[in-house]
Amino acid sequence: MKASTHLLGAAVLALLATAAPAAAQNSDKKNDTSLLIVTIGGGVQLTPEFPGADIGSLKPLPLIDVRKAGTDPSFRTPDQSLGFALLRGEGFRAGPAVRLGERRDEEDAIEGIGDVGRAIEVGAFAETYLTPSFRARGEVRKGFGGHEGLLADLGADMIIGKVTQPLHFSIGPRARFADGRYMRAFFAIDAEQSAATGLPLHDADGGLHSVGALGSMKYRTSSPWGAQGFVRYDRLLGDAADSPLVRSSEGSRNQFQLGLGLTYSFGL
């Protein structure tokens, strides 16, 4: 994991070193014939091999955002789900949310622990701005396939700089709650798993899953190109932290994520 972290850190430094300063203007030029401004991109992220893993692996980092032409970019963080606002008010947005959930391959963990397929998580989000630079957001999602569980992610972000400017940062706390089906899928050890792995039996109930924090950066040049990066830390709690898998040599209560990507914006 350390080698992968060093490689990702070198990539971040190289990208920032080669990015020329840009004029403080909106990178997405208004086009009278465009109805939407689409931002797409991708990069690489270092994330745990599976929930509770000690080892990290490099995985793709998809980046996408869509807004009405002629409107300013909205604030978003790399850890929030894809979604759009069906309800809008003064400093308030709410609507559907969807994302790909986590998975576990037995070969990345302990032989005999079993696989957990990747779920598609579907639900809703709501966010509000308590001040222009402080956002609170919550998501509730249900997994289909894979863990089949229910998750609630809560977070808040202090925005440093203006979203409409070329460079801004954010930092804030995170918390996750999970129901019993999610917790049992990734953290419980039943009799069959115990016999196959030698790990002790462990039942996992729903409740507080983890707390942590996220820091992110977004940079937009005067051209359509931009860059995004983030770092996140989570500390597993409760039955997740007490799982024999997490306490084994393959697991850790401390979960780290790093990511870096490039984006391109165009009118549609």
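Salt bridge absent: R176 and D234 never bring a charged side-chain N and a carboxylate O closer than 4.0 Å. Ion pairing of R104 with E250 is absent here, as no side-chain N (NZ or NE/NH1/NH2) approaches a carboxylate O to less than 4.0 Å. Note on D105 versus R118: no salt bridge recorded, every NZ/NE/NH1/NH2 to OD/OE distance being 4.0 Å or above. The residues E127 and R135 are annotated as salt-bridged, a charged nitrogen and a carboxylate oxygen being separated by less than 4.0 angstrom.
F186 and H147 have tilted rings, their planes meeting at an angle from 30° to 60° on a 0 to 90° scale. The aromatic rings of H209 and Y182 sit perpendicular, their planes meeting at an angle over 60°, well past the 30° parallel limit.
Within 6.0 Å of atom CD1 in I171, 12 or fewer heavy atoms from other residues, nucleotides or ligands are found, so the atom counts as exposed in its surroundings. Atom CD1 of I120 has 12 or fewer neighbouring heavy atoms from other residues, nucleotides or ligands inside a 6.0 Å radius. For F84, the CZ atom sits in a loose shell: 12 or fewer heavy atoms of surrounding residues, nucleotides or ligands are nearer than 6.0 Å. The neighbour count for K162 NZ, taken as heavy atoms of other residues, nucleotides or ligands under 6.0 Å away, does not exceed 12.
In this structure, the side chain of R174 does not engage the main chain of S210 through any donor-acceptor pair within 3.5 Å. Q193 contributes a side-chain N or O that, together with a main-chain N or O of I113, makes up a donor-acceptor pair within less than 3.5 Å. Checked by atom type and distance alone, the side chain of Q45 never pairs as donor or acceptor with a backbone atom of K59 at under 3.5 Å. Although no hydrogens or angles enter the test, the distance criterion places no donor-acceptor pair under 3.5 Å between the side chain of R232 and the main chain of S216. Under a 3.5 Å cut-off, the side chain of K142 and the backbone N or O of E148 do form a donor-acceptor pair. No donor-acceptor pair closer than 3.5 Å links the side chain of E49 to the backbone N or O of D54.
Here the side chains of F230 and T77 are not in contact, with every heavy-atom distance at 4.5 Å or above. Here the side chains of F187 and D242 are not in contact, with every heavy-atom distance at 4.5 Å or above.
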### Message
Would T128 and E90 count as a side chain to side chain contact (heavy atoms under 4.5 Å, CB included) here? Give the steps.
### Response
CA-CA 9 Å; T128 184; E90 187 65 31; over 6 Å; no
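Of all the heavy atoms in D108 and F50, the pair that sits closest is O-CE2, 3.4 Å. Closest non-hydrogen pair, S81 versus E139, comes out as OG-OE1, 2.7 Å.
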